[in-house]
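Convention: sequence-line order gives letters A, B, ...; per-chain numbering from 1.
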Number of protein chains: 2
Amino acid sequence: MIKKLLLLGVLMNGKMHGYRLNEYVKHTMNFYKDLTKSAAYYILDQLEKDGYVTYATEREGKRPERRIYEITTKGKNHFLELLRECLGNYTPTSFGDDIGAAFIGRLPAEEVRNLLVNKRRKIQDQIEMYKGVGDHEGNLQYVINHNIAHLKADISWVDEILKNIGEENQ
Amino acid sequence: MIKKLLLLGVLMNGKMHGYRLNEYVKHTMNFYKDLTKSAAYYILDQLEKDGYVTYATEREGKRPERRIYEITTKGKNHFLELLRECLGNYTPTSFGDDIGAAFIGRLPAEEVRNLLVNKRRKIQDQIEMYKGVGDHEGNLQYVINHNIAHLKADISWVDEILKNIGEENQ
DNA sequence: TATAATATAGTCTAATCTGAATATTCCATA
DNA sequence: TATGGAATATTCAGATTAGACTATATTATA
């Protein structure tokens, strides 16, 4: 559902073929990491079956054929429906790293400390990455800020655990 | 992978049958919403095939048969491996709601405002829910704090957008 | 200029996941 | 005491996903 919204949303900007769509998501909407190539192609198929998009086949030089997807009127309406649903609801997020935290007591404090320092570094790298890309066009800036805010919350969280582990082990 | 860690982790506390495992995750580890009943059964099958768990079939009264799963030594080692991996790495999170935000300009500001107010309320409800459950045993408290921190970041984020939309539309 | 690496464009299979279905028992309530 | 709903316990078919694979073109490198 969210992935359909994503693909329809990109197609709202104009026609695009599958490969380009994937590149676009990968580079411009890089904050969303849950869409793989093949899933995108699969979803485009679904969207086409439901009449939300149509495609024309074309070929450039001797490269493989490609399908230029275009959103239909029905698709535009559907996009707006999905958008309303997305904006008016809250999608609860599961954090995989919570599972590790829940079982943290199963490893010696010393080892946990080292592991968490690594985690912290990787979170910091992500933050630098987002800061590095500079300003995005309008709405995307919201998304970047959102992700940075969450990453900072993660840093604080790791620090809280590190602090607690430190105290327990004196 | 994360789901295997979760199930093995619960089984580290002792034997349990599938149904009970699901109940446990649903109630005690309710911060993790990405494990459905049937997925859990599927993963238990996998774990059994890989020798990480064994099971004994039993029946209580005339209820359906059930499988009591028990973690093996191999399983315990695997659990620790997965735990190290989880604690020492950072799993990037994708926020579905970001997709909506990215296309926010496709709806009139007035409508967006109303929708976001709804979203905000739902986030607030989640926060109350977490605060309502009270103190958890040791490590789970970390996880609850983590989730509350993220929810608060979401509230601030929504407020930021609301503020911006307000200004644009004067 | 041969060779390697990357970009283009998408397909395919096997693994995984979801939601509905099954079948019994327990409990409340009318 | 009949009846409807929740709890127990899992299975199954069909939807979805991930990751490897195909095949050519272009660019970089030695």
Side-chain angles (χ1 to χ4, degrees), chain A residues 1-8 10-11 15-28 30 32-50 52-70 82 91-94 96 99, chain B residues 1-8 10-11 15-28 30 32-50 52-70 82 91-94 96 99:
Chain A
M1 222 232 41
I2 203 70
K3 297 181 184 180
K4 288 187 182 178
L5 175 61
L6 172 55
L7 293 181
L8 288 175
V10 176
L11 288 175
K15 302 179 188 185
M16 209 181 283
H17 59 88
Y19 187 80
R20 195 62 58 213
L21 256 166
N22 272 297
E23 292 295 300
Y24 185 85
V25 171
K26 190 167 149 193
H27 294 117
T28 306
N30 64 334
Y32 192 74
K33 305 131 207 128
D34 287 0
L35 186 77
T36 58
K37 250 152 92 88
S38 36
Y41 282 110
Y42 175 77
I43 291 164
L44 284 170
D45 271 4
Q46 298 314 104
L47 291 174
E48 197 267 336
K49 274 179 195 154
D50 292 338
Y52 297 136
V53 302
T54 50
Y55 66 82
T57 307
E58 83 162 25
R59 157 171 303 190
E60 191 175 301
K62 275 176 198 166
R63 297 203 158 286
E65 273 195 345
R66 61 195 188 188
R67 292 177 174 182
I68 315 287
Y69 286 95
E70 183 171 10
L82 295 179
T91 313
T93 307
S94 290
I99 308 294
Chain B
M1 224 230 46
I2 204 68
K3 298 181 183 179
K4 289 188 183 176
L5 175 61
L6 172 55
L7 292 180
L8 288 175
V10 176
L11 288 175
K15 302 178 187 185
M16 211 180 282
H17 59 90
Y19 189 82
R20 194 64 56 213
L21 257 165
N22 272 299
E23 292 295 299
Y24 184 86
V25 172
K26 191 167 149 193
H27 294 118
T28 307
N30 64 334
Y32 191 73
K33 304 131 207 131
D34 286 2
L35 186 76
T36 59
K37 257 149 91 85
S38 35
Y41 282 110
Y42 174 76
I43 291 165
L44 285 170
D45 271 5
Q46 297 314 104
L47 291 173
E48 197 266 338
K49 274 179 195 155
D50 292 339
Y52 297 136
V53 303
T54 50
Y55 67 81
T57 308
E58 85 163 23
R59 155 171 304 191
E60 190 174 302
K62 276 175 196 166
R63 298 204 156 285
E65 274 194 345
R66 60 196 188 189
R67 292 177 173 182
I68 316 285
Y69 287 93
E70 182 171 11
L82 294 179
T91 313
T93 306
S94 290
I99 308 294

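- Between B/L21 and B/L11 the shortest side-chain heavy-atom distance falls below 4.5 Å.
- For A/R66, the salt bridge (Lys or Arg N to Asp or Glu O under 4.0 Å) test picks out A/E58, A/E60, with sequence neighbours left out.
- In terms of heavy-atom proximity, A/K33 sits nearest to B/S94 at N-OG, 2.8 Å.
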Subject >> Contact state string [nucleotides 6-16 of chain C, B base, S sugar-phosphate only, - no protein heavy atom under 4.0 Å] >> reply: -SBBBBB--SB
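- Each end of the helix from C/dT1-D/dA30 to C/dA30-D/dT1 gets its own rotation axis from five pairs of C1' atoms, and the angle between them is 20° to the nearest 10 degrees.
- Atoms CG (A/L35) and P (D/dT17) sit 8 Å apart, rounded to a whole Å.
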Original post:
Yes or no on side-chain contact (heavy atoms from CB on, under 4.5 Å) for B/I2 and B/Y32, after CA distance, side-chain angles and deciding distance?
Top reply: CA-CA 11 Å; B/I2 204 68; B/Y32 191 73; 3.3 Å; yes
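- Between the CG atom of A/L7 and the P atom of D/dT16 there is a distance of 13 Å, given to the nearest Å.
- A/M1 has its CE atom 15 Å from the P atom of C/dT18, to the nearest Å.
- When the C1' atom of D/dA15 is taken as reference, atom CG of A/D50 falls 13 Å away, rounded to whole Å.
- Between A/I43 atom CD1 and C/dC17 atom P the separation is 16 Å, expressed in whole Å.
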**OP:** With side-chain contact (heavy atoms from CB on, under 4.5 Å) as the test, would you mind laying out the steps for B/E70 and B/V53 before giving the verdict?
**Re:** CA-CA 5 Å; B/E70 182 171 11; B/V53 303; over 6 Å; no
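- Between A/M16 and A/I68 there is no side-chain heavy-atom pair separated by less than 4.5 Å.
- Taking atom CG of B/N22 as the reference point, atom P of D/dA6 lies 19 Å away to the nearest angstrom.
- Contact annotation: B/T36 side-chain N/O to C/dC17 OP1/OP2 distance is not under 4.0 Å.
- For B/K3 (side chain) and B/D34 (main-chain N/O), a donor-acceptor pair under 3.5 Å exists by modelled atom type.
- In this structure, the CD atom of B/E58 is 13 Å from the C1' atom of D/dT8, given to the nearest Å.
- Residues B/Y69 and B/R67 form a side-chain contact, since some pair of their non-hydrogen atoms from C-beta on lies under 4.5 Å apart.
- Distance, A/K33 NZ to D/dT17 C1': 18 Å, rounded to whole Å.
- The shortest distance between side-chain heavy atoms of B/Y19 and B/Y41 falls below 4.5 Å.
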